[in-house]
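First the structure, in the form of structure tokens, and then the observations on it.
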Amino acid sequence: MSQAALDPKLAGARRARTITMLVYYAALSGGVFWLYWSGRVHVTRWADVAALMVGMICVLAAGRLLYESFDLRLLGERIEVEGEGTPREAAKVRVTALFVFLLGVFLALPNVAFGLGWPPGLVYAAMAVFVAGRTVYALRQLRTADEFIRRRMLEGSLWTLLLTTTGLLLYGGAERLGLVPVATSWDVLVVVMGIAVLTPSFLVRRAKPSKAA
Amino acid sequence: VDNRLKVLRAERNWSQADLAERLEVSRQTVNAIETGRYDPSLPLAFKIARVFGAPIETIFQDHES
């Protein structure tokens with residue numbers, strides 16, 4: 001029997017989350033399509049479309065994390081602990097949500113900025129600030145994590161490295177032989193970030209216990 | 001590796017948070033060990049044994065043996 005079946009309040013919180021997330025997904029998708037159809041997004045190649053999609057996934061995931069951080073029952077389920085999450089755990093999840101959101105913005109920003117005619121230097125400065133902040137955050141996470149959390153982080157990183165280097169070995173060889181089009185660093189970045197964003201969620205799903213603690 | 005962490009914790013009426021605090025790890029780690037999703041390192045396993053005041057082999061059992 002699932003935890004939600006045992007706890008009607010948790011089941012209710014899950015239903016409320018589903019409805020809220022559906023509205024949020026619809027609003028965000030509508031916003032992105034409006035930006036695209038109104039010509040405010042500069043899309044010239046497949047990597048631009050992929051960047052918008054990965055960026056949207058990040059913004060959606062960040063919204064879900066933020067929502068769950070305000071419901072301690074859902075938070076407990078999210079971080080896989082017995083009972084409810086604590087305010088301290090909620091604060092940590094909110095910081096994670098912020099960086100996931102900013103990553104989504106980072107991926108969409110070049111296309112949007114180009115479409116809206118924003119000064120590239122200023123946009124790039126904002127992106128560099130994000131990269132610096134993200135690096136500090138990731139290093140701090142790694143330093144303060146305990147052995148289980150660190151292993152999860154390293155496992156995600158290892159799979160990302162394996163998948164991306166395999167892809168690069170195959171594509172790089174084919175590119176040098178003139179079999180495939182030349183890829184830009186933007187193309188590579190989008191693919192790497194897409195894999196880096198999606199890999200941990202697959203690993204977490206794979207590691208789900210058969211029954212709750 | 002099977003373990004009796006949940007049973008030992010229940011016997012002492014400790015929450016996952018209580019045990020996590022004693023072990024200086026996160027609640028996620030305690031939950032992952034209890035549900036068999038994670039086997040702790042040797043130093044952490046010894047610490048768990050110390051916290052419960054029990055020999056390590058009475059807490060962790062190799063399910064193949």
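Just so we're clear, the structure is a prediction, and the values are computed from it rather than from any experiment. To find a chain, count down the sequence lines: A is the first, B the second, and so on, and within it residues start at 1.
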Over all atoms of both residues, closest heavy-atom pair of Asp146(A) and Ser26(B): OD2-N, 2.6 Å
Over 12 non-hydrogen atoms of neighbours within 6.0 angstrom of CE in Met21(A): yes
Over 12 foreign heavy atoms within 6.0 Å of CZ, Arg140(A): no
Rounded distance [0.5 Å steps], OH in Tyr38(B) versus CD in Glu147(A): 3.0 Å
SB check Lys6(B) Glu82(A) (cutoff 4.0 Å): no
Close side-chain approach of Glu89(A) and Arg27(B), heavy atoms under 4.5 Å: yes
Glu21(B) atom CD, over 12 foreign heavy atoms within 6.0 Å: no
Side-chain ion pair, Glu80(A) and Arg37(B), N-O less than 4.0 Å: yes
Phe114(A) atom CZ: more than 12 heavy-atom contacts under 6.0 Å: no
Phe101(A) CZ: over 12 foreign heavy atoms closer than 6.0 Å: no
Tyr25(A) atom OH, over 12 foreign heavy atoms within 6.0 Å: yes
Heavy-atom neighbours of Arg12(B) CZ exceed 12 at 6.0 Å: yes
For Glu57(B), salt bridge (charged side-chain N to carboxylate O under 4.0 Å, His left out) partners two or more places apart: none
For chain A, which residues of residues 39-48 of chain B have heavy atoms nearer than 4.5 angstrom: Pro40(B), Ser41(B), Leu44(B)
